[in-house]
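What follows is a single structure, written as structure tokens, with notes after it.
In what follows, chains carry the letters A, B, and so on, assigned in the order in which the sequence lines appear, proteins first and then strands, with residues in each chain numbered from 1. Note that this is a predicted model, so its numbers are computed, not measured.
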2 protein chains.
Amino acid sequence: MHRHSRQRKVILDVLKRTKTHPSADWVYREVKKEIPNISLGTVYRNLKLLQSIGEVTEISCEGNEGRFEGNSHLHYHITCQKCGQIKDVDDIILHDIEGKVARATGFKITNHCVGFAGICPACLE
Amino acid sequence: MHRHSRQRKVILDVLKRTKTHPSADWVYREVKKEIPNISLGTVYRNLKLLQSIGEVTEISCEGNEGRFEGNSHLHYHITCQKCGQIKDVDDIILHDIEGKVARATGFKITNHCVGFAGICPACLE
DNA sequence: AATAATAACAGGAATTATTACTATTATATT
DNA sequence: AATATAATAGTAATAATTCCTGTTATTATT
Ligand SMILES: [Mn+2]
Ligand SMILES: [Mn+2]
Ligand SMILES: [Zn+2]
Ligand SMILES: [Zn+2]
């Protein structure tokens, strides 16, 4: 069973309170302010565990591997190829696409992801 | 300007003739059968160059980073979480989604990707 | 409250994928 | 043929992630 550790709690808190989509290392440095001797392995271990219980999501589109967020509701992402920021795209959800692809491929589909790449308004100036 | 090298040609040939979505290392081992002393760095360098001229695409959804294909027409992918195979999903293309997201976000969008994960028919047995 | 079992930890080593470096070779141009 | 330099092989370096091991902290049980 899962025990509660201070490390796990702070890692999740850090993720819940940021609106960005940080890397494991950013989380590590952030948690370090509160728990100076936390180890990077602990961050990775907990990010994985928190994912397995649905508290944390890892983004997986458009070269954004290794970016995490404490937000498990389905949504997509867009990345600025100039400044690197990753923003949520909340406006659009493709509700029916998994069923469509299931019928077309014969796969049992468990999830899907959609990612966009481009230039953000600020970088367009 | 680009010169023609045997290495580059064979790397592209290998990618064009496979229907899988191989890793750089698989390409390396495959090319090695024809050019035994090719170096892995050459494979990476050429994969990147071939991408830049649109001859090669790197997949970027659902944890499939680092998989390549010699096929640049827009299509999506589905990965079997059990056996790891990556298949093309040719049936569906979201033509209008980039415009929709551009309007919603203010980004200038250059491309998008869609990935599915699930269990393939064979692994469902 | 004390004891016992073990999940979780810190710190460091190991692994893997990718990129960078450098002296040499091959290609295109004159 | 001579020249300029893109591209290469081979190796070293970097970065992200996982693994390992001895120690600590949490929970359940007494
Ligand atoms: Mn998000
Ligand atoms: Mn494909
Ligand atoms: Zn930007
Ligand atoms: Zn399968």
Minimum-distance nucleotide to [X] side chain [options: [options]]:
| X | options | answer |
| --- | --- | --- |
| B:Lys48 | C:dC9, C:dT19, D:dA9 | C:dT19 |
| A:Ala24 | D:dT8, C:dG11, D:dT17 | D:dT17 |
| B:Leu40 | C:dA8, C:dT18, D:dT8 | C:dT18 |
| B:Ile38 | D:dA9, C:dC9, D:dA7 | D:dA9 |

Contact under 4.0 Å: [X] side-chain N or O vs [N] OP1/OP2:
| X | N | result |
| --- | --- | --- |
| A:Gln7 | D:dA25 | no |
| A:Thr42 | C:dA10 | yes |
| A:Tyr44 | D:dT17 | yes |
| A:Ser5 | C:dA8 | no |
| B:Asn46 | D:dT8 | yes |
| B:Ser39 | D:dT8 | no |
| B:Arg8 | D:dA7 | yes |

Nearest whole Å is fine: how far is [N] [atom2] from [X] [atom1]?
| X | N | atom1 | atom2 | answer |
| --- | --- | --- | --- | --- |
| A:Ile35 | C:dA8 | CD1 | C1' | 12 Å |
| B:Glu65 | D:dT17 | CD | P | 11 Å |
| A:His2 | C:dC9 | NE2 | P | 11 Å |
| B:Ile11 | D:dA7 | CD1 | C1' | 11 Å |
| A:Asp25 | D:dT14 | CG | P | 16 Å |
| A:Lys9 | C:dA8 | NZ | C1' | 17 Å |
| A:Trp26 | D:dA16 | CH2 | P | 16 Å |
| A:Tyr28 | C:dC9 | OH | P | 14 Å |

Exercise. Looking only at side chains, do A:Thr42 and A:Arg45 share a donor and an acceptor under 3.5 Å apart?
Worked result: yes

Exercise. Going by distance alone, is a donor N or O of one side chain under 3.5 Å from an acceptor N or O of the other, for A:Thr79 and A:Gln85?
Worked result: no

Exercise. Got A:Glu65 and A:Ser60 here, is their nearest side-chain heavy-atom distance under 4.5 Å?
Worked result: yes

Exercise. Relative to each other, are the rings of A:His21 and A:His75 parallel, tilted or perpendicular (30° and 60° limits)?
Worked result: tilted

Problem set entry | 5'-most by nearest nucleotide on DNA chain C - B:Arg6 or B:Gly66 | B:Gly66

Exercise. So which one's nearest nucleotide on DNA chain C is more toward 5', B:Met1 or B:Arg45?
Worked result: B:Arg45

Problem set entry | Distance-only donor-acceptor test, B:Arg3 side-chain atoms vs D:dT5 base atoms, 3.5 Å | yes

Exercise. Does B:Glu58 come within less than 4.0 Å of B:Lys48, counting only side-chain N to carboxylate O?
Worked result: no

Exercise. How far apart are the C-alpha atoms of B:Lys19 and B:Glu69, what are their side-chain angles, what is the distance that settles it, and do they pass the salt bridge (charged side-chain N to carboxylate O under 4.0 Å, His left out) test?
Worked result: CA-CA 8 Å; B:Lys19 283 212 171 83; B:Glu69 66 183 324; over 6 Å; no

For this session: Using heavy atoms to find the nearest nucleotide of DNA chain D for A:Ser23 and B:His4 separately, return the residue whose nucleotide is more 5′.
Result: B:His4

